[in-house]
Undergrad: 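Please read through the structure below; I'll follow up with questions.
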Amino acid sequence: MSRPRVFSGIQPTADSFHLGNYLGAVRQWVALQDTHDAFYCVVDLHALTLPYDPALLPRRSRVAAAQLLAAGLDPDRCTLFVQSHVAEHAELCWMLGCLTGFGEANRMTQFKDKSSRDGHDQASVGLFTYPVLQAADILLYQADQVPVGEDQRQHLELSRALANRFNHRFGQTFTPPQPYILAEVAKIYDLQDPAAKMSKSSSSPQGIIDVLDSPEAIRRKIARAVTDAGTEVRADPEAKPGVTNLLRIYSALSGEPVAAVETRYHGAGYGAFKKDLAELVVATFAAVREKTHQLMADQAALDRLLAHGAARARRAAAPTMAAARERMGLLKAAGSG
Ligand code: AMP
Ligand code: TRP
């Protein structure tokens with residue numbers, strides 16, 4: 001029997017991924033390549049939906065790919081590519097956009113959040129159709145599962161709805177995808193504001209740990225992380241959100257249950273716990289950081305690897321795209337095979 005397929009994407013919108021991206025998404029991507037037929041994409045078209053600097057984007061796309069490889073993606077066991085290298089994503093986005101209700105797109109909470117941030121007038125149509133492009137990414141590959149953080153759940157519901165709607169109207173074509181969300185790491189919080197998710201667009205630099213941060217920066221940020229009243233290292237999301245977030249991070253990185261970590265630090269106070277947590281994060285990211293720098297030093301090799309991934313992705317997408325065009329009634333160009 002063939003393996004189930006996974007697809008996921010990550011935006012090249014910063015010079016480094018952060019701990020939330022790493023625990024919520026990237027680590028699952030690495031694990032799933034052993035059990036699934038995996039497609040992973042640096043979604044640079046999505047990165048055009050908010051103000052950005054075109055001079056920085058190529059480097060950010062490369063450093064995104066480099067970090068994914070450094071974290072453990074193996075181009076022999078998965079397909080890693082850049083979204084804009086496969087034109088079918090934009091083409092299918094248009095077709096699915098014609099099946100998406102205006103009100104339906106308008107209900108997306110990420111759109112509401114992002115468009116209200118800079119004032120509604122500043123938001124682009126691209127930001128509005130962002131989730132439709134995401135649906136195209138996923139449906140193009142007939143993905144069964146999509147590993148993401150909790151913030152993407154609503155977008156995946158739209159992807160499922162669009163797959164079902166297309167199938168119903170035009171005939172069975174797309175697999176409705178399932179979310180793959182691990183509860184314990186689905187939402188990592190800002191170190192300075194444990195009520196908000198860690199986010200590259202809204203967290204302060206002190207609230208975010210970047211994968212490529214120096215060991216000193218990681219130690220400083222964890223030492224200054226907001227903790228709660230009292231001294232006990234104990235998980236309690238209501239009364240102790242700061243400590244609870246740190247405990248979940250510790251548990252995810254060490255592989256121990258939260259309860260075991262609580263027991264170990266019983267009576268030890270926040271200081272000792274934070275110190276050990278900092279060393280755990282430093283140790284986890286040291287190798288990723290070094291490997292990322294190595295990969296970035298040979299840009300030509302990295303670009304070849306991504307071109308190879310894009311060629312594989314195009315081959316995988318071709319039959320689905322041909323079927324979708326035909327079923328929607330688009331006339332086939334003569335001589336196009
Ligand atoms: P983005 O950087 O928005 O492209 O997100 C990349 C991936 O990281 C997505 O799967 C997100 O759901 C996930 N993610 C982003 N922020 C967090 C967070 N604070 N906690 C857990 N997962 C996150
Ligand atoms: N919207 C996703 C995020 O912000 C990124 C993304 C784009 C994605 N296309 C995707 C995730 C397809 C999963 C599948 O994290």
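We count ligands from 1, going down the list as the structure has it; atoms in each ligand are counted the same way. Numbers here simply count residues along the sequence, with the first being 1.
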Undergrad: Give the atom numbers and elements of ligand 2 that come within less than 4.0 Å of a heavy atom of Gln11.
TA: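 Contacts of ligand 2 toward Gln11, numbered from 1: 4 (O).
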Undergrad: Could you say whether the N/O atoms of Gln152 and ligand 1 ever approach to under 3.5 Å?
TA: no
Undergrad: For ligand 1, is there an N or O atom under 3.5 Å from any N or O atom of Val185?
TA: no
Undergrad: I need the nearest protein heavy-atom contact for atom 8 (O) of ligand 1: residue, atom name and distance, please.
TA: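 Looking at atom 8 (O) of ligand 1, the protein heavy atom closest to it is Asn21 ND2, 3.1 Å.
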Undergrad: Can you confirm whether the side chains of Tyr130 and Gln11 place a donor and an acceptor under 3.5 Å from each other?
TA: yes
Undergrad: Using a strict cut-off of 4.0 Å, indicate which atoms of ligand 1 neighbour a heavy atom of Met198.
TA: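 Under 4.0 Å from Met198, ligand 1 has these atoms: 16 (N), 18 (C), 19 (N).
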Undergrad: Is it the case that ligand 1 has an N or O less than 3.5 angstrom from some N or O of Gln11?
TA: yes
Undergrad: Counting each atom of ligand 1 from 1 as listed, which ones have a heavy atom of Lys187 under 4.0 Å away?
TA: 20 (N), 21 (C)
Undergrad: Quick one: do the Ser254 and Glu256 side chains pair a donor with an acceptor below 3.5 Å?
TA: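 Yes, because at least one side-chain N or O of Ser254 sits under 3.5 Å from a partner of the opposite role on Glu256.
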Undergrad: What atoms of ligand 2 come within less than 4.0 Å of a heavy atom belonging to Val146?
TA: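 Those atoms are 13 (C), 14 (C).
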Undergrad: Does His18 have a non-hydrogen atom less than 4.0 Å from ligand 1?
TA: yes
Undergrad: At a 4.0 Å threshold, what atoms of ligand 1 neighbour a non-hydrogen atom of Ile10?
TA: 4 (O), 6 (C)
Undergrad: Enumerate the atoms of ligand 1 whose separation from the nearest heavy atom of Lys200 is less than 4.0 angstrom.
TA: 1 (P), 2 (O)
Undergrad: Out of all atoms in ligand 1, which are within 4.0 Å of some heavy atom of Ala186? Include the element for each.
TA: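 Close to Ala186: 20 (N), 21 (C), 22 (N).
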Undergrad: Would you say that Tyr180 contacts Leu32 through its side chain, given a criterion of any heavy-atom pair below 4.5 Å between the two side chains?
TA: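 Sidechains of Leu32 and Tyr180: in contact.
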Undergrad: For ligand 2, which atoms sit closer than 4.0 Å to a heavy atom of Tyr130?
TA: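 What qualifies from ligand 2 is 1 (N), 2 (C), 3 (C), 4 (O), 5 (C).
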Undergrad: In terms of hydrophobic clustering (I, L, V, M, F, W, Y; side-chain heavy atoms under 4.5 Å; direct or indirect links), are Met95 and Phe102 co-clustered?
TA: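 In one cluster with Met95: Phe102, yes.
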Undergrad: Under 4.0 Å from a heavy atom of Gly24: which atoms of ligand 1 are those, numbered in the order shown and with their elements?
TA: 21 (C), 22 (N)
Undergrad: Determine whether Leu212 and Asp15 make a side-chain contact, defined as any pair of heavy atoms from C-beta on separated by less than 4.5 Å.
TA: no
Undergrad: Nearest 0.5 Å, please: how far is CG in Asp236 from CG in Asp228?
TA: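 Spacing of CG (Asp228) from CG (Asp236) equals 8.5 Å.
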Undergrad: Under the 3.5 angstrom rule, does the side chain of Gln33 hit a backbone N or O of Gly72 as a donor-acceptor pair?
TA: yes
Undergrad: In Å, rounded to the nearest 0.5 Å, how long is the span from CD of Gln110 to CG of Asp151?
TA: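 Taking CD in Gln110 and CG in Asp151, the distance rounds to 5.0 Å.
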Undergrad: Please could you name the atoms of ligand 2 that Gln152 approaches to less than 4.0 Å, counting only its heavy atoms?
TA: 1 (N), 2 (C), 3 (C), 4 (O), 15 (O)
Undergrad: Mind checking whether Asp190 has a heavy atom under 4.0 Å from ligand 1?
TA: no
Undergrad: So, the side chain of Lys200 versus the backbone of Ile208: is there a donor-acceptor pair under 3.5 Å, distance only?
TA: no
Undergrad: Check whether any side-chain heavy atom of Pro215 sits under 4.5 Å from a side-chain heavy atom of Arg219, and report yes or no.
TA: yes
Undergrad: What protein heavy atom sits nearest atom 9 (N) of ligand 2, and how far off is it?
TA: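 Going by distance alone, atom 9 (N) of ligand 2 is nearest to Asp137 OD2, 2.7 Å.
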Undergrad: Check the surroundings of atom CD in Gln294: do more than 12 heavy atoms from other residues, nucleotides or ligands lie under 6.0 Å from it?
TA: yes
Undergrad: Using only atom types and a distance under 3.5 Å, with no angle test, would you say the side chain of Asp37 pairs donor to acceptor with the backbone of Arg3?
TA: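 Between the backbone of Arg3 and the side chain of Asp37 there is no qualifying donor-acceptor contact (under 3.5 Å).
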Undergrad: Hey, does Gly149 come in under 3.5 Å of ligand 1, counting only N/O atoms on both sides?
TA: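 There is such a contact, yes.
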Undergrad: Looking only at protein heavy atoms, identify the closest one to atom 6 (C) of ligand 2 and say how far it is in Å.
TA: Gly9 O, 3.7 Å
Undergrad: Any N or O on Asp151 sitting closer than 3.5 Å to an N or O of ligand 1?
TA: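 Min N/O separation from ligand 1 is below 3.5 Å for Asp151.
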Undergrad: In terms of atom number and element, which parts of ligand 2 are under 4.0 angstrom from non-hydrogen atoms of Phe7?
TA: 12 (C), 14 (C)
Undergrad: Is there at least one pair of N or O atoms, one from Gly20 and one from ligand 1, spaced under 3.5 Å apart?
TA: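 Yes - when backbone and side-chain N and O of Gly20 are compared with those of ligand 1, one distance drops under 3.5 Å.
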Undergrad: Under 3.5 Å, is there a donor-acceptor pair between the side chain of Gln28 and the main chain of Leu23?
TA: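 Present.
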Undergrad: Is Val148 touching ligand 2 with its side chain, its backbone, both, or neither, if touching means heavy atoms under 4.0 Å apart?
TA: side chain
Undergrad: Any nitrogen or oxygen of Ile188, side chain or backbone, less than 3.5 Å from one on ligand 1?
TA: yes
Undergrad: Can you report which non-hydrogen protein atom sits closest to atom 10 (C) of ligand 2, along with the distance?
TA: Gln134 CG, 3.4 Å
Undergrad: Side chain, backbone, both or neither: which part of Ile138 has a heavy atom under 4.0 Å from ligand 2?
TA: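 Answer for Ile138: side chain.
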Undergrad: List ligand 1 atoms under 4.0 Å from Ala25, heavy atoms only on the residue side.
TA: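 Reading through ligand 1 atom by atom, the close ones are 7 (C), 8 (O), 10 (O).
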Undergrad: Given Leu133, which of Leu48, Val43, Thr49, Leu45 fulfils the side chain to side chain contact (heavy atoms under 4.5 Å, CB included) condition?
TA: Leu45
Undergrad: Mind checking whether His36 and Phe7 have ring centres under 6.0 Å apart?
TA: no
Undergrad: Please report whether ligand 1 has a polar contact with Thr13, defined as an N or O pair separated by less than 3.5 Å (distance criterion only).
TA: no
Undergrad: I need the atoms of ligand 2 closer than 4.0 Å to a non-hydrogen atom of Val43, numbered in the order shown.
TA: 7 (C), 9 (N)
Undergrad: Donor-acceptor check, side chain of Arg60 to backbone of Thr13, threshold 3.5 angstrom: yes or no?
TA: yes
Undergrad: With a 4.5 Å heavy-atom cut-off, do Leu139 and Phe166 have their side chains touching?
TA: no
